K.L.:
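Sharing a structure, written as structure tokens. Questions coming.
Along the sequence shown, the residues carry numbers beginning at 1. Fair warning: this is a prediction, and the values are worked out from it, not measured in the lab.
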Amino acid sequence: QVQLVESGGGLVQPGGSLRLSCAASGTIFILGDMDWYRQAPGKQRDLVATITRGGRVNYADSVKGRFTISRDNAKNMAYLQMNGLKPEDTAVYYCHVDAQARAIGSMVGFWGQGTQVTVSS
């Protein structure tokens, strides 16, 4: 089993910045893709950014040029640097990872509990 703990959320004014962190722990042989999703009240959970183990990244159009995803494979960590925040970025942000628990096995998806980001003046 893999546990994910997000941190770094909070209240920020429009134009401000936040850095989210996601720490993965538990029975981990290898981590695959690491992603950030977000869910605003009354809306579906949407993919914000993804990073492969090799560092290839992809972003939702709404955050391109403002958000940067990164990871530290040695520490089993993922990060989301969010700059130029807008009120429409307000949501609960979730970390999602694909993890393989043993040398022989398959990747399984895990979710964190989420961290609230509120952008308001």
K.L.:
Could you tell me if the side chain of H96 sits less than 4.5 Å from the side chain of L4, heavy atoms only?
P.N.:
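No, too far: nothing below the 4.5 Å cut-off.
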
K.L.:
Test of understanding: clusters of I, L, V, M, F, W, Y form through side-chain heavy atoms closer than 4.5 Å, transitively. Do V108 and I28 belong to the same one?
P.N.:
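Linked within one cluster.
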
K.L.:
Between CG of D98 and OG of S106, what distance do you get to the nearest 0.5 Å?
P.N.:
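Going from CG on D98 over to OG on S106, the span is 10.0 Å.
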
K.L.:
G84 and S17: which non-hydrogen atoms are nearest, and at how many Å?
P.N.:
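So the two residues come closest at N-OG, 4.4 Å.
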
K.L.:
Report the distance from atom OG1 of T115 to atom CG of L80, rounding to the nearest 0.5 Å.
P.N.:
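One finds 11.0 Å between OG1 of T115 and CG of L80.
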
K.L.:
So, N73 and R71: side-chain donor and acceptor under 3.5 Å apart, yes or no?
P.N.:
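Checked: N73/R71 side chains pair up, N/O donor to acceptor below 3.5 Å.
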
K.L.:
Are V57 and M34 linked, directly or through intermediate hydrophobic residues, by side-chain heavy-atom contacts shorter than 4.5 Å (ILVMFWY only)?
P.N.:
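They do share one cluster, since a chain of ILVMFWY contacts under 4.5 Å joins M34 to V57.
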
K.L.:
Side-chain heavy atoms nearer than 4.5 Å, only ILVMFWY residues, links allowed to pass through others: does that put V97 and F29 together?
P.N.:
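No, V97 and F29 fall in different hydrophobic clusters.
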
K.L.:
Return the minimal non-hydrogen interatomic distance between A40 and A91, and the atom names on each side.
P.N.:
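In this case the closest contact between A40 and A91 is N-CB, 3.8 Å.
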
K.L.:
Looking at side-chain heavy atoms only, is the closest gap between V117 and R38 below 4.5 Å?
P.N.:
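A side-chain contact is absent here, since even the closest heavy-atom pair is not under 4.5 Å.
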
K.L.:
Indicate the ring-plane relationship of Y93 and F67, choosing parallel, tilted or perpendicular according to the 30° and 60° boundaries.
P.N.:
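Rings of Y93 and F67: tilted, as their planes differ by 30° to 60°.
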
K.L.:
If we only count heavy atoms from C-beta on, is the E6 to W36 side-chain gap below 4.5 Å?
P.N.:
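Touching, per the 4.5 Å side-chain cut-off.
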
K.L.:
Between L31 and A24, what is the shortest heavy-atom contact and its length?
P.N.:
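Heavy atoms only, the tightest pair is CD1-CB, 4.0 Å.
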
K.L.:
Check the surroundings of atom CD in E88: do more than 12 heavy atoms from other residues, nucleotides or ligands lie under 6.0 Å from it?
P.N.:
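Counting neighbours around CD of E88, more than 12 heavy atoms of other residues, nucleotides or ligands fall under 6.0 Å, so yes.
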
K.L.:
Which atoms form the tightest heavy-atom contact between Y94 and G112, and what is the distance?
P.N.:
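Here Y94 and G112 meet closest at CD2-O, 3.6 Å.
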
K.L.:
Hey, could you give me the OG1/CG distance between T52 and D35, rounded to the nearest 0.5 Å?
P.N.:
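T52 atom OG1 to D35 atom CG measures 10.5 Å (nearest 0.5 Å).
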
K.L.:
Please determine whether a side-chain nitrogen of the Lys or Arg among K64 and D61 lies less than 4.0 Å from a carboxylate oxygen of the Asp or Glu.
P.N.:
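Yes.
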
K.L.:
What I'd like to find out is whether the side chain of L20 reaches to under 4.5 Å of the side chain of M82, using heavy atoms alone.
P.N.:
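Yes; the side chains approach each other to less than 4.5 Å.
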
K.L.:
Check whether any side-chain heavy atom of Y79 sits under 4.5 Å from a side-chain heavy atom of D72, and report yes or no.
P.N.:
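Answer yes - side chains close enough.
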
K.L.:
For residues V63 and V48, report the shortest heavy-atom separation together with the two atoms involved.
P.N.:
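In terms of heavy atoms, the two residues are closest at CG2-O, 3.7 Å.
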
K.L.:
Look at the side-chain heavy atoms of Ile, Leu, Val, Met, Phe, Trp and Tyr, link any pair under 4.5 Å apart, and say whether Y37 and I69 land in one connected group.
P.N.:
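Unlinked, Y37 and I69 end up in two clusters.
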
K.L.:
Check the pair T68 / Y59 against side-chain contact (heavy atoms from CB on, under 4.5 Å), numbers first and verdict last.
P.N.:
CA-CA 8 Å; T68 303; Y59 297 96; 3.8 Å; yes

K.L.:
If I compare all heavy atoms of D33 with all of R53, which pair ends up nearest, and what's the gap?
P.N.:
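Nearest pair, atom of D33 first, then R53: OD1-N, 4.4 Å.
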
K.L.:
Within the 4.5 Å heavy-atom criterion, are S21 and M77 side-chain neighbours or not?
P.N.:
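In short, these two side chains touch, coming nearer than 4.5 Å.
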
K.L.:
Nearest 0.5 Å please: distance from the OG1 atom of T90 over to the CG atom of L11.
P.N.:
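Between T90 OG1 and L11 CG, I get 8.5 Å after rounding to 0.5 Å.
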
K.L.:
Examine L47 and V92 and state if one hydrophobic cluster contains both, with Ile, Leu, Val, Met, Phe, Trp and Tyr joined whenever side-chain heavy atoms are less than 4.5 Å apart.
P.N.:
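Yes; V92 is reachable from L47 via cluster members.
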
